[in-house]
2 protein chains.
Amino acid sequence: MDQTGTIEKATDVLFHLHRQAAGCGISEIGRALDIPKSSVHRLLAALASRGLVEKDEAGRYRPGIALLALGLGVLEREPIVQVARPILERLAVTLGETCFLVAARAGRLRVLEKAEGTGFLRAAPQVGAEVPHQVTAAGKLYLALAPESLSATDNAPQSRAEGIAVERALRQVREQDLAWNRDEWIAGLSVVAAPVRMGERLLGALALALPSAALAERDGGELEQQVKAAAAKTSDRLNGLGLPHSSVDPLPIDPR
Amino acid sequence: MDQTGTIEKATDVLFHLHRQAAGCGISEIGRALDIPKSSVHRLLAALASRGLVEKDEAGRYRPGIALLALGLGVLEREPIVQVARPILERLAVTLGETCFLVAARAGRLRVLEKAEGTGFLRAAPQVGAEVPHQVTAAGKLYLALAPESLSATDNAPQSRAEGIAVERALRQVREQDLAWNRDEWIAGLSVVAAPVRMGERLLGALALALPSAALAERDGGELEQQVKAAAAKTSDRLNGLGLPHSSVDPLPIDPR
DNA sequence: TTTATTGTTCCGATATATGGAACATCGTAT
DNA sequence: ATACGATGTTCCATATATCGGAACAATAAA
């Protein structure tokens, strides 16, 4: 993995800054990544010249705003996000709970968009964050419907008995065209997810997250229908488009 | 400015990809940035190894999802965004028009967060985008209250008469603690902005944007009050915090 | 004050990026 | 089918940008 190269090192520094909550000092980064101070200094100077990192008032380095524009640009060029956004928002308002969209990118599942619910206690996934395969609703959906789009790491179940149980669960997911996750990933958090498709291809998972306690007081079947309907609508609109990436107007007219 | 360096070249490639709506080919990038094909190839390979760029199905390069995580990380570590977000959302729902937050970063004004209105016709600024100084409500606020936080480029007015007019307008902004922009930047778009402060320091501008036609049918004074109130609330909450960057929980409790 | 740690600059040695050229691949027009 | 142009990819000798130790400056801590 240690193909030493300038760009690789620079991005490693970038990700290190990203992981740290507070700003970092040069020596600190050098120690963490095993790069001499002077090199870190030069890397940061280059990155700062383009706004990818910044120095805060204390002289410590943090990720820069240039990254913001680049990152959000990625979202803007995802047709599925454009299509799903208003649907997620409406569903979140209707149900009062957080809805989000997950899709496989580079073999990993990532949250592409979210619309938070209104509850005092509510799920707040981070856009751009990765979610695990085995213990999430979106993950099960992918394992059941499009495992090839996930990198194979740790997809292998531990024992034979587990393997059978997993395969059984996945078959159920395929039958229902829907996946649940109740407290498996995060205690107290339940999620339902339904597939967004283009033809046979799985493009993403539209998910509804709510506290498990809140789920107990609701009609699970109705939630399933709502999520399925939202996912289906997303699929339809996505397929309705001619699919030449629609550019985004500064003042879009949004017939929702 | 053309201090040739590997990192600089790589980020130039990144920004070039960002600007292009569709994916780019290697030769194309090389021509645009005046870099030989083979170098572009190598740069892209390095960037791709870290997920900063990706190849789409057609083999063309686009910005990668790694940028998404990095970019949104920038937002998450801005306390002012954390604080302003729910306030923006509520204001947008109340008024039915788009609200957004602008702040100076690295001498430039940028949209840090937004909450879109519900109108068929509505403003839809892009988070991360830059806004000009002279012809926007947020820009006027900064020019009047904290010009030192803007890079001085093109802040100088053209003629003496204009200079006086500008100074007069800025004085009014200072008196009202509020700035308007009616059709000055984008025809048909009007914006009111009020300052978010910490002590004397200007931290950002909370703005309300609506079609000028819609503004004509509303009580401008009431909008001013709403925006001022929202900005004041943001300031208060921001000052209420001890201001050690509050980390964000996966399941935050949000007492709004 | 001293001491320790950090940020910054300098510079020779060397590894690394460079870019021209040749090759491979594709799509298009002849 | 063939020729053509453009593109993505690989190779390699050369030049140069990166490396990293060391010395220095600027802090903060003792």
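Chain letters run A, B, ... following the sequence lines, proteins first and then strands; every chain starts at 1.
The only option from R60(A), Q20(A), H16(A) that meets the side chain to side chain donor-acceptor pair (under 3.5 Å) definition with E28(A) turns out to be R60(A).
Put simply, K9(A) has no side-chain N or O that comes within less than 4.0 Å of OP1 or OP2 on dA15(C). Phosphate contact (OP1/OP2 of dT16(C), side-chain N/O of T6(A), threshold under 4.0 Å): absent.
One atom, CD1 of I26(B), and another, C1' of dA6(D), lie 13 Å apart when rounded to the nearest Å. One can place CD of E8(A) at 12 Å from C1' of dT16(C), the figure rounded to the nearest angstrom. Between L43(A) atom CG and dG7(C) atom P there is a gap of 14 Å when expressed in whole angstrom units. Note: CG (D56(A)) to P (dG7(C)) measures 11 Å, nearest angstrom. Spacing between atom CD of E28(A) and atom C1' of dG7(C) amounts to 13 Å, rounded to whole angstrom units. What separates CZ of R60(A) from P of dT8(C) is a distance of 12 Å, to the nearest Å. Straight-line distance from the CD1 atom of I29(B) to the P atom of dT7(D): 12 Å, rounded to whole Å.
Non-hydrogen atoms lying under 4.0 Å from DNA chain D are contributed by R31(B), K37(B), S38(B), H41(B), all within residues 31-42 of chain B.
Across the interface with DNA chain C, nearest-nucleotide mapping of I7(A) and K55(A) shows K55(A) to be the residue nearer the 5′ end.
W185(A) places a side-chain heavy atom less than 4.5 Å from the side chain of V131(A).
Nearest heavy atoms, R197(B) versus L145(B): NH2-CD1, 3.6 Å. Closest approach of L44(A) and V53(A) over heavy atoms only: O-CG2, 3.7 Å.
The line from CG of L141(B) to CG of L178(B) is 7.5 Å long, rounded to the nearest 0.5 Å.
The environment of CG in D34(A) is sparse: at most 12 heavy-atom neighbours from other residues, nucleotides or ligands sit within 6.0 Å. More than 12 heavy atoms of other residues, nucleotides or ligands sit less than 6.0 Å from atom CZ of R174(B).
Between R105(B) and E78(B) a salt bridge is recorded (basic side-chain N to carboxylate O distance below 4.0 Å).
For the helix from dT1(C)-dA30(D) to dT30(C)-dA1(D), the rotation axes defined at the first and last 5 base pairs enclose an angle of 40°, given to the nearest 10°.
E54(A) meets the side-chain hydrogen bond (donor to acceptor under 3.5 Å, both in side chains) test with R62(A); sequence neighbours excluded.
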